[in-house]
Structures are given as C-alpha cells and as structure tokens.
Amino acid sequence: MLYVVATPIGNMQDMTLRAIEVLKSVDKIAAEDTRHSKTLLNHFMINRPMISLHEFNERECMDMLLEHLDKGETLALICDAGTPLISDPGYHLIKEAKARGVKVVPIPGACAAIAALSVAGLPTDHFVFEGFLPARQEACRARLKELLYETRTLIFYEAPHRLLDSLQAMVDVLGADRVAVVARELTKIHESVIYSTLGELLEQYSAHPDKQRGEIVILVHGTEQKSGESILINPDHVLDVLLEELPLKQAAALAAKITGERKNALYEKALGKKGE
Ligand code: SAM
C-alpha cells in the first residue's frame, strides 16, 4: 500500500486527522526534504523512518521504494507542503507502483492552486493548472502565447523573485486589461488575495517590493474573445506575427492598419520587442 498524503501549505492546523493517523501507521515515509518535513512530523509526534525522494533522485530512489513495497511494507509519500505530485515529485513512483499492482491511496488535503481558486472570484467551472512558467523569458512568452485564446481560468505557481517578470510578460502577451488575481501566502499571517487587472497588479507590485515576498499563485481570467476574431484586435499579437517576417517599420505600419492602433505607438512597441 502506498499513501499519497497532503500536508499543510503554511498553517499547521490544516493537517487532517487522517493524515496524522496514516503517517503514524506506515513503515516508512518518503519525503521531498526530510529535514524540512521533520519539523511537521515532530509537531504531530509522528516518528517513522524517512527516505528522501526529491526531484533529482526520484528515479534512483524509486527502485528502492518499490523494493520496500514488493516486500509488503506500507509507505507514505509527502512533499514539503501541500499535495504531492502537484508541481512536486512522485509521478514516476506512482506510475510504476500502479503498474506493479500496488494499491495507491490518496489522503487529500491542502493544495495551493485549489485554495487560491476557491477564493479568487474567477470562474471555477473550468480551469487549467499550468504550474510554473518557464524561467527563460522567450520560453515564458511563447507559453503564454499558446494560452492567449484559452477560455478557462488559468492557474500559475510563481516564485517571489519572478513575480514582476511574469506579470510583465502576461501584460505584454495577454493584455493589461485581462482580469487576474495574485494569491500570496495563503493560510499564513500575511495572506493576501488581490483581484484586479494584470496591468494594475503589475503597477501595484512594482511599487511595493515588500509585497513581492512569499509564496504566490497567479490566476488569470480566461479570454472572452473568440479565437480568430481576437487575432485582429490584439495589437501585440499582430505585431509579433508581422515582426517575424517584416522589417520593423513596415511591421509597425501594417499592424497599425490592421488594428487601428497609432503607428508611432506600435513602432515604439516594436523597438522594445526587438531590443529584448
Ligand atoms: N504541492 C504544492 C501544492 O499542493 O500546492 C505545490 C508545491 S510547488 C513546489 C510550490 C509553489 O506552490 C509555490 O512556489 C507557490 O507558487 C505555491 N504555494 C505553495 N504554498 C503556497 C501558499 N501558502 N500560498 C500561495 N502559494 C503557495
């Protein structure tokens, strides 16, 4: 038996009774960072042997864990915070364990994406979890462009030092007027959930570096434009496409004709894009 156990994302009181019971009962606990998890386990007086399973040793560690499972031992998988496998290690282990007929049991609990979505005030009937955007600027923008016409609510995880870069990229690609939410430090003392537009969020967080700290989920309203129609009215997208084929001046002039935007403004924008 392999239990996949969610732990709190900040507030210890979000640990479930079932999680405590299961973690006290298993033969071994596989944890992402054993030193970090020791604090949580000590708090709940859970004292079981631990094995470290992190992003960089998952494949090697997996064989060892599967051997334990083959011997009939019961294991639990936890991560540093929240639900294992959600932007955290464990996928390969679960896949292989299931293929070998091991019973895999979820012990549900906190997950930052779902906690953020539940209070964001954005549509929840359909949503897409995107995890972390690529760190490289080009790859990040390329991913956002693929999401330009996504109608479902988008959920991103973000590191504090990348908040402004990501908001800037979202403003450039998805547009400053798109409604979005930044959910920060959920379940902790400095919890904040700010609902605004991407442009205003960028302004607000640029002006307050102290508020960029902590753990962050960014949620973005899906587009309400129909694909095809919107290509004609999104000046950024039009400019990007034309810049791939034409000299800067010509691209700006054509983009102005297509979108109705001012030629000079588009020329400035094109200069910025080429300078990146
Ligand atoms: N497995 C975790 C879960 O279930 O949410 C996510 C792990 S991922 C490595 C860490 C990211 O989750 C952080 O960079 C942040 O984007 C988000 N996160 C975790 N705890 C959070 C919190 N208390 N408030 C806001 N975001 C949080």
Side-chain angles (χ1 to χ4, degrees), residues 2-16 18-19 22-23 29-37 39-41 43 52-58 76-94 104-122 124 127-135 140 143-144 153-167 169-170 180-196 198 201 204-205 208 210-220:
L2 172 58
Y3 292 102
V4 181
V5 183
T7 57
I9 54 168
N11 189 325
M12 289 280 201
Q13 299 204 48
D14 291 334
M15 185 80 166
T16 69
R18 195 159 165 238
V22 163
L23 291 174
I29 299 173
E32 202 183 346
D33 176 342
T34 51
R35 270 191 23 209
H36 173 94
S37 291
T39 315
L40 175 88
L41 299 182
H43 182 86
S52 146
L53 173 114
H54 48 73
E55 195 186 338
F56 307 105
N57 77 349
E58 184 173 350
L77 173 68
I78 59 174
C79 59
D80 286 354
T83 303
L85 279 82
I86 308 301
S87 287
D88 267 329
Y91 162 68
H92 300 291
L93 173 66
I94 302 303
V104 181
V105 179
I107 307 295
C111 173
I114 299 300
L117 181 66
S118 71
V119 294
L122 296 174
T124 54
F127 59 88
V128 190
F129 176 64
E130 275 293 314
F132 291 92
L133 280 166
C140 169
R143 181 73 199 118
L144 287 171
T153 297
L154 299 160
I155 308 178
F156 302 92
Y157 280 168
E158 200 43 275
H161 66 278
R162 291 201 29 84
L163 175 65
L164 292 187
D165 284 349
S166 292
L167 286 175
M170 287 176 185
V181 170
V182 172
R184 206 170 59 89
E185 293 287 86
L186 295 173
T187 79
K188 303 188 209 177
I189 296 169
H190 298 292
E191 176 177 284
S192 80
V193 179
I194 301 188
Y195 178 105
S196 190
L198 284 170
L201 286 167
Q204 201 167 326
Y205 284 101
H208 296 283
D210 53 312
K211 296 207 171 122
Q212 293 163 24
R213 283 197 282 270
E215 300 202 88
I216 294 160
V217 183
I218 306 177
L219 305 98
V220 181

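Just follow the structure's listing: the first ligand is 1, and inside any ligand the first atom is 1. All heavy atoms count here, side chains included; hydrogens, waters and symmetry mates do not.
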among protein heavy atoms, the one nearest atom 18 (N) of ligand 1 is Ala112 CB, 3.4 Å
Heavy-atom side-chain proximity of Thr16 to Val5 below 4.5 angstrom: no
Atom 2 (C) of ligand 1 - nearest protein heavy atom and its distance: Ala81 O, 3.2 Å
Contact partition for Thr187 relative to ligand 1, non-hydrogen atoms under 4.0 Å: neither
What pair of heavy atoms forms the shortest contact from Ile9 to Glu215, and how long is it? O-OE2, 4.4 Å
Number the atoms of ligand 1 from 1 as they appear, then name those within less than 4.0 Å of a heavy atom of Thr83, with their elements. 1 (N), 3 (C), 4 (O)
Nearest non-hydrogen protein atom, atom 20 (N) of ligand 1: Glu215 OE2, 3.4 Å
Taking distance alone, with N or O pairs closer than 3.5 Å, would you say Arg184 contacts ligand 1? no
Under a 4.0 Å heavy-atom limit, does Glu158 contact ligand 1 with its side chain, its backbone, both, or neither? backbone
Atom 5 (O) of ligand 1 sits nearest the protein heavy atom Tyr157 OH, 2.7 Å
For atom 26 (N) of ligand 1, the closest protein heavy atom turns out to be Val217 CG2, 3.4 Å
Side chains of Met170 and Leu133: closer than 4.5 Å at any heavy-atom pair? yes
For Ile114 and Phe127 the tightest heavy-atom approach is CD1-CZ, 4.0 Å
Taking only residues two or more places apart in sequence, or in another chain, which ones meet Ser196 in a side chain to side chain donor-acceptor pair (under 3.5 Å)? Glu200
Per-atom contacts of ligand 1 with Lys188, taking only distances under 4.0 Å to non-hydrogen atoms: 23 (N)
Do any heavy atoms of Ala159 fall under 4.0 Å from ligand 1? no
For atom 6 (C) of ligand 1, which candidate among Leu186, Ile86, Val182 provides the closest heavy atom? Ile86
NE2 (His190) with more than 12 external heavy atoms under 6.0 Å: no
Would a 4.5 Å heavy-atom cut-off, applied to side chains only, mark Arg143 and Glu130 as touching? yes
To which protein heavy atom is atom 9 (C) of ligand 1 closest, and what is the distance rounded to 0.1 Å? Ser87 O, 3.2 Å
N or O contact, Asp88 vs ligand 1, cut-off under 3.5 Å: yes
Phe132-ligand 1 polar pair, N/O distance under 3.5 Å: no
among protein heavy atoms, the one nearest atom 15 (C) of ligand 1 is Ile216 O, 3.4 Å
Taking the side chain as every heavy atom from C-beta outward, state whether Pro84 and Glu32 have any pair of such atoms under 4.5 Å apart. no
Note, Val105 side chain near Val22 side chain (heavy atom, < 4.5 Å): no
Honestly, for Pro84 the part within reach of ligand 1 (heavy atoms, under 4.0 Å) is neither
If we only count heavy atoms from C-beta on, is the Thr83 to Asp88 side-chain gap below 4.5 Å? no
Return a yes/no value for Cys111: is any of its N or O atoms, backbone included, closer than 3.5 angstrom to an N or O of ligand 1? no
Working for side-chain contact (heavy atoms from CB on, under 4.5 Å), residues Thr153 and Thr124: CA-CA 7 Å; Thr153 297; Thr124 54; over 6 Å; no
